[in-house]
There are 2 protein chains.
Amino acid sequence: MNKKELFHQFVAFTATVHQVTHDLTKNIKIDDITPIQYKILEYITINRLITPTEVSDCLHLSMPNTSRELRKLREKNWIEKINDTKDRRKHYIRLTEKGKHMMDEAFTCIETRFQKLIENSSNEELEEIRKALTTLQTKIFLNQSVEK
Amino acid sequence: MNKKELFHQFVAFTATVHQVTHDLTKNIKIDDITPIQYKILEYITINRLITPTEVSDCLHLSMPNTSRELRKLREKNWIEKINDTKDRRKHYIRLTEKGKHMMDEAFTCIETRFQKLIENSSNEELEEIRKALTTLQTKIFLNQSVEK
DNA sequence: TCATTTAGTTATCAAATGATAAGTATGGAG
DNA sequence: CTCCATACTTATCATTTGATAACTAAATGA
């Protein structure tokens, strides 16, 4: 196995992923949301209950900037704070009902676009795709050696 | 095959890809390059000979903004214009020797980080990864129904 | 108790990116 | 030749995002 070739395939692959996700998420009819704010909401949607520090780490935002964006999301009533009962410095963030509803709509719109990408795939191909996603998640991406 | 479930797996997957590529490319020691400029250079590196219009379409930049960024890259002597002999309105873009050298260094640095992600994988696993990348590229991403 | 660390906030400034209007030059259809 | 489309450019302004300093409050550890 040629590891250099694999690397080049990987680079081309990630570039494609970026382009496709951009296509899937562009022009979603959410009033007045910035790309980063969307990413934060997406992250919260996927991960349910998280702290600002986690958002900062995972989305590579500084704490002050994370704090600012979370404040904006709170002002728009899409997320809310939940205090940690043990450590009073910490708090958690979750979607409000309004936020959940809004993300549901967004995901429905994105899903429609996604389904179009796979509409001509047979069941066997879909199963192949599912396995491929799982393989990459477990064999590459979860190995992340995060260095600060 | 549950298509909705596949969609959610896909969303989580793309979020991970974004995080990992951010980790792989952050702090690369290229003097004075912005994220978008890097993306453009990466795109040129992968695709060799392209027009500004293609850059605009594929990286989702407006033509004026594309033009501005390409000018900056030209000013730094990383890319150069090649006139189209048939259509004198058009021109192509390619890396200069300086640009190639710089991208080589960047890719080397990124490759080192990438190899770390797969250092513990057996040959069979690497082959699995390669197949998974190919599967996703061909069965999902190349189906892109690009709508303007 | 007192210093230090952690979690998060506020304020401010700079840089990157997005959006739009208006321009040049060439190509192509009729 | 005229008109319109295409391929790009320049200029300008608004918004988003990044970076940094300085802060509060609670936890932790000696």
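Hydrogens, waters and symmetry mates play no part in the numbers below; they use all other heavy atoms, side chains included. Being a predicted model, the structure only gives us computed values, none of them experimental.
- For the pair B/Lys90 and B/Thr51, the minimum side-chain heavy-atom distance is below 4.5 Å.
- D/dT16 atom P lies 18 Å from atom OH of A/Tyr38, rounded to whole Å.
- The interatomic distance linking B/Asp32 (CG) with C/dA16 (P) rounds to 7 Å, in whole Å.
- Picking from D/dT17, D/dA26, D/dT12 the nucleotide with the shortest atom distance to the side chain of A/Arg89 gives D/dA26.
- Atom CE of A/Met63 and atom C1' of D/dT24 are 13 Å apart (whole Å).
- In summary, the side chains of A/Glu5 and A/Gln9 do not present any donor paired with an acceptor at a separation below 3.5 Å, with no hydrogens or angles considered.
- Phosphate contact (OP1/OP2 of C/dT9, side-chain N/O of A/Lys81, threshold under 4.0 Å): present.
- Of the candidates C/dG18, C/dT20, D/dG18, D/dG18 carries the atom nearest the A/Arg68 side chain, counting heavy atoms from C-beta on.
- D/dT16 atom P lies 22 Å from atom NE2 of A/His60, rounded to whole Å.
- Distance NZ (B/Lys72) to P (C/dA16): 7 Å, rounded to an integer number of Å.
- Of the candidates D/dA19, D/dA27, C/dT26, the closest approach to any side-chain atom of B/Arg88 belongs to C/dT26.
- Comparing A/Gln37 and A/Pro64 along DNA chain D, the residue whose closest nucleotide (by nearest heavy atom) sits nearer the 5' end is A/Gln37.
- For A/Arg71, the listed nucleotide lying nearest its side chain is C/dT10; candidates were C/dT9, C/dT10, D/dG18.
- Of the candidate nucleotides D/dT10, C/dT9, D/dT17, C/dT9 has the atom lying nearest to any side-chain atom of A/Arg74.
- Comparing C/dT17, D/dT9, C/dA19 against the side chain of B/Ser67 picks out D/dT9 as the nearest.
- If you check every strand for non-hydrogen atoms under 4.0 Å, B/Lys86 touches sugar and phosphate atoms only.
- Ring geometry for B/His60 against A/His22 counts as parallel: the plane angle stays under 30°, on a 0 to 90° scale with 60° as the upper cut.
- A salt bridge links B/Arg130 to B/Glu127: one of the charged nitrogens lies within less than 4.0 Å of a carboxylate oxygen.
- With rounding to whole Å, B/Asp57 atom CG is found 13 Å from D/dC8 atom C1'.
- Comment: B/Asp87 engages B/Arg89 in a salt bridge, judged by a side-chain N to carboxylate O separation of less than 4.0 angstrom.
- Mapping A/Leu61 and B/Asn65 onto DNA chain D by nearest heavy atom places B/Asn65 at the nucleotide closer to the 5' end.
- Residue B/Thr34 places at least one side-chain N or O under 4.0 Å from the OP1 or OP2 atom of C/dT17.
- Atom CD1 of B/Ile93 and atom P of D/dA7 are 14 Å apart (whole Å).
- For B/Thr51, the side-chain atoms get nearest to D/dC8 when compared with the rest of D/dC8, D/dG18, C/dA16.
- Atom pair B/His91:NE2 and C/dA25:P shows a separation of 16 Å (rounding to whole Å applied).
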